[in-house]
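Heads up: the structure comes next, in structure tokens.
Bear in mind the structure is a predicted one, so any value in this text is a computation, not a measurement. Proteins come first, then strands; the chains are lettered A, B, ... in the order of their sequence lines, and each starts at number 1.
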Amino acid sequence: MKTLLDIDYVTRDDKVIIRLFYKKKDGREIEEVTDFKPYFYAVPVDTEKLKGELKKFDKILKIEKKRMVDMKKEIDVLKITVKQPKDVSELRDKIKNLEYCKEVREAAIPFVERYLIDSGLIPMENSEEVGLRIAAFDMEVYNPRGEPNPERDPIIMISYADNLGLKRVWSYKHENIKLDFLEILKDESMIIKKFIDTVNEQKIDIITSYNGDNFDFPYLKDRASRLKINLSLGIDGSVIKLERRGMNLGARVRGRPHIDMYPICRQVFNLSRYQLEDIYLEIFGRKKLDIDVGEMAKVWNSEDIDGLKKLFEYSLSDAVSTLEIAMTLLPLQYELSRITRDLIYESSRSGSGQRVESLLMRKAHEMNILAPNKPSDRLAEERQRTSYTGAYVVEPIKGIHDNIVLFDFRSLYPSILISYNIDPSTIDCECCPEDNYKTPTQHYFCKKKKGFIPRILSELVTKRIEIKKKLREEKDPEKRRLLDVEQHAIKLLANSAYGYYAFARARWYSKGCAESIAALGREYIHKTIREVENFGFKVVYGDTDSVYVIKPKEVDKGKIIDDANSFLKKINEELPEAMELEFEGFYPRGIFITKKRYALMDEKGILIVKGLETRRRDWSNIAKETQNKVLNAILHEKNPEKAAEIVKGVVKRIRKGDVALRDLAINTQITKGLGEYVQPGPHILAAKKAMKRGYEFKRGDIITYVVTKKGVSISDKARIIDFVEEGDYDAEYYINNQVLPAVLRILEALGYSEDELKGFGKQMRLGSF
DNA sequence: AACTGTGGCTCAACGT
DNA sequence: ACGTTGAGCCACAGTT
């Protein structure tokens, strides 16, 4: 039993050799494949004439005529096999321009991926059984003036933790400090070497980090080269490689995949900030050890024994936390890697679009389907410019409602995609102009031939149903966990299929398919609304695939739920087989503010808040907490007076000046280059001010700022939290632009007359509380 | 000349 | 992916 961790290829004596890096129970194995050659396809205008034209290329090893499926039809193609991967990129452009060549296909697939597609190998298969050795590491860097610079600032410690139980911090200089995990070595070079040696000695299979792609590894590599050390972490002794991946970097370790937990966490969680501490709190519900990183250089230079001990402990806790996070999140990553058959290095850095595409590429190969080419940049931009009508949102009935029932469609979009056979190869087919699947758009879909993507999706859905059945019968908690991860991974992929059709860089992009699915979705939600109202319910809100209903004048919960079930029975009989409306929940009380903004109280008294400030990272804690308290007072007790009291108290506290900075901080993401803004908001100006003090920001960073007393406009007053002293905040801003708008919106929806509210608002604004 | 209200615009973040 | 809300900036018109 073995698991495939990585693949690469090398060239020896002009021969291409693919290397498969396996982990076995008792160690590692590198298998070499010598008989696989790169190839691509040419679509001929005239097969024989193109063959003739191809004779002049001596790099071509073999030309074979093949019949393959290209969207709606079968065509003849020439499979052109060459010697070296680089010959593909060299020849494809020349061949593309030949007179008798219409186009080249599958000519831009990296060689390793080509091999993965053709071999059908499954990366990470049996990963649980073989027992992978996983290590996490983290570095602390000397940072006397904020942002460290590898040109001058050394690494002062490296922390390490693995799932065999080894925990270490390697550092230097402070020989008098004694801690059981701490090893004081001679200098920076020695700690880097020790790290490399330990990874090798412990026979580590997977290295994890938190932001290792863009910080730890690039910094380490830079320092190592200055110190003339080879960063030979690869299983074959090779040096780590930094690859460009769009805007970011990827740190690749040969045969021993490096998995960066940071991008995974950004994908898996929805948080205000994504520092290690935030993720740790989110997963484990407890705080990890934290220090003020700004003080680190000072402590490092001191002889403060307690301060130094705390620093080493902090460093270790970073590695230990990263390991714990990895142990929690990696099983899903392994499973995604197995389903899409991408290497874990790739898969763990992929978005949902890329994952769907990987799966499709492999299935297309199995089914003799010729993959469409990726769009050019120009075409992708063109696709991005054109949009289509999406989902339908019902205008809510503003205010409080009691005894609310929620219905929603189980996997609406995947069900539609399957039921209506929605695929680029079945759209507006010529074979069934009359009897076809009709949609509210101008498009219809073939009834005779099952489409490629609907087929794959129904396989996935069937497999998920089987897994869920097994899960119900399984008792062993370990096996249950694996089955659950498996069904979860399939769900993620199935739910990405609709988005994939609208993804501008997709090979199987189809706006017609995407808009047909959306239009059918609208039709079904309209049908549901119509019928549920005929049944005596009243719709208070709905969005895409869900409807919230009440039964006017009915107070008996049992009766309401019985009616809801009778309605479901009726409508589900009318729906296509793959589609089902479900009973999703019962809520004793809820308040609806506007579309996409509402709050519900469930039967346990727990609030579910959607879209309101409470849920947004670009609002301060003080505003969010106050809004939350107001919602509680209103939904639990229907007591607006109590709500007003709460607000009064908060306003007073803000005025007094003793609200802590962390409750005033606002988090806003930078979504483009700092110079590209037409209208820079407070977060941009705060970032620009911080840059003058040596901070660096890039696209995607989340800025945490506070509106201080100094300045004229809000932007002017906004400053990065690190530079703000406790107490230095603009009380009027936090009252009038944060707390009051957030709570007044709730009170307004309660049906206070406009005048009443204005008075109420004004009173608050004037500070009469 | 300084203020106020409004609408257009940009930007961010959410829901599904 | 689209649908939707809302903050903040800015220019402009109409006041004060």
To the nearest Å, give me how far apart CD (A:E748) and P (C:dG6) are.
-> 9 Å
Looking only at side-chain N and O atoms, does A:Y541 come under 4.0 Å of OP1 or OP2 in C:dT4?
-> no
Check every strand shown and say whether A:A391 touches a base, only sugar-phosphate, or nothing at a heavy-atom separation below 4.0 Å.
-> sugar-phosphate
Residue-phosphate contact under 4.0 Å: A:N737 side-chain N/O, C:dG8 OP1/OP2 | yes
Can you tell which of A:F592, A:Y541, A:Y598 makes a side chain to side chain contact (heavy atoms under 4.5 Å, CB included) with A:K610?
-> A:Y598
Decide if the gap between the ring center of A:Y509 and the ring center of A:Y500 is smaller than 6.0 angstrom.
-> no
Among B:dT16, C:dA7, C:dT5, the one nearest A:K595 by side-chain distance | C:dT5
Close side-chain approach of A:Y420 and A:I517, heavy atoms under 4.5 Å | no
Determine: side-chain N/O of A:R616 to OP1/OP2 of B:dC11, distance under 4.0 Å, yes or no.
-> no
Contact under 4.0 Å: A:S715 side-chain N or O vs C:dC9 OP1/OP2 = yes
Of all the choices, C:dA1, C:dG8, B:dC11, which nucleotide is nearest to the side chain of A:T671 once you look at every atom?
-> B:dC11
Figure out the CG/P separation between A:L412 and B:dT16, and round it to whole Å.
-> 13 Å
Indicate, yes or no, whether a donor-acceptor pair under 3.5 Å links the base of C:dG8 to the side chain of A:Q679.
-> yes
Considering only C:dA1, B:dC11, C:dT5, which nucleotide approaches the side chain of A:R597 most closely?
-> C:dT5
Could you tell me whether A:G681 contacts a base, only the sugar-phosphate backbone, or nothing, with contacts defined as non-hydrogen atoms closer than 4.0 Å?
-> nothing
Measure from the side-chain heavy atoms of A:K596 and tell me the nearest of B:dC14, C:dG8, B:dG15.
-> B:dG15
Could you tell me the separation between the NZ atom of A:K672 and the C1' atom of B:dA12, rounded to a whole number of Å?
-> 11 Å
Give the nucleotide from the list C:dA7, C:dC2, C:dC9 with an atom nearest to the side chain of A:R745.
-> C:dA7
Rounded off to whole Å, could you give me the NE2-to-C1' distance for the A:H683 and B:dC11 pair?
-> 7 Å
For the side chain of A:D545, counting heavy atoms from C-beta on, which of C:dT4, B:dT16, C:dG8 is nearest?
-> B:dT16
Single hit among A:K624, A:R745, A:Q738 for side-chain hydrogen bond (donor to acceptor under 3.5 Å, both in side chains) with A:E613 = A:R745
Atom NZ of A:K624 and atom C1' of B:dC14: how far apart are they, to the nearest Å?
-> 12 Å
Where the side chain of A:Y548 is defined as all heavy atoms beyond and including C-beta, which of C:dG3, B:dT16, B:dA12 is the nearest nucleotide?
-> B:dT16
A:D602 bridged to A:K604 by N-O distance under 4.0 Å = no
Give one of base, sugar-phosphate or nothing for A:Y392, where a contact means two heavy atoms less than 4.0 Å apart.
-> nothing
Could you tell me the separation between the CD1 atom of A:I684 and the C1' atom of B:dT10, rounded to a whole number of Å?
-> 12 Å
Please report, rounded to the nearest Å, how far the C1' atom of C:dT5 is from the CZ atom of A:F592.
-> 16 Å
C:dT5 C1' sits how many Å from A:R615 CZ, rounded?
-> 16 Å
Checking A:K672 against A:Y677: charged group under 6.0 Å from the ring centre and within 45 degrees of the axis?
-> yes
Within the structure shown, what part of the strands sits under 4.0 Å from A:Y388 by heavy-atom distance: base, sugar-phosphate, or nothing?
-> sugar-phosphate
Candidates B:dG15, C:dC9, C:dA1 - which lies nearest the side chain of A:Y598 | B:dG15
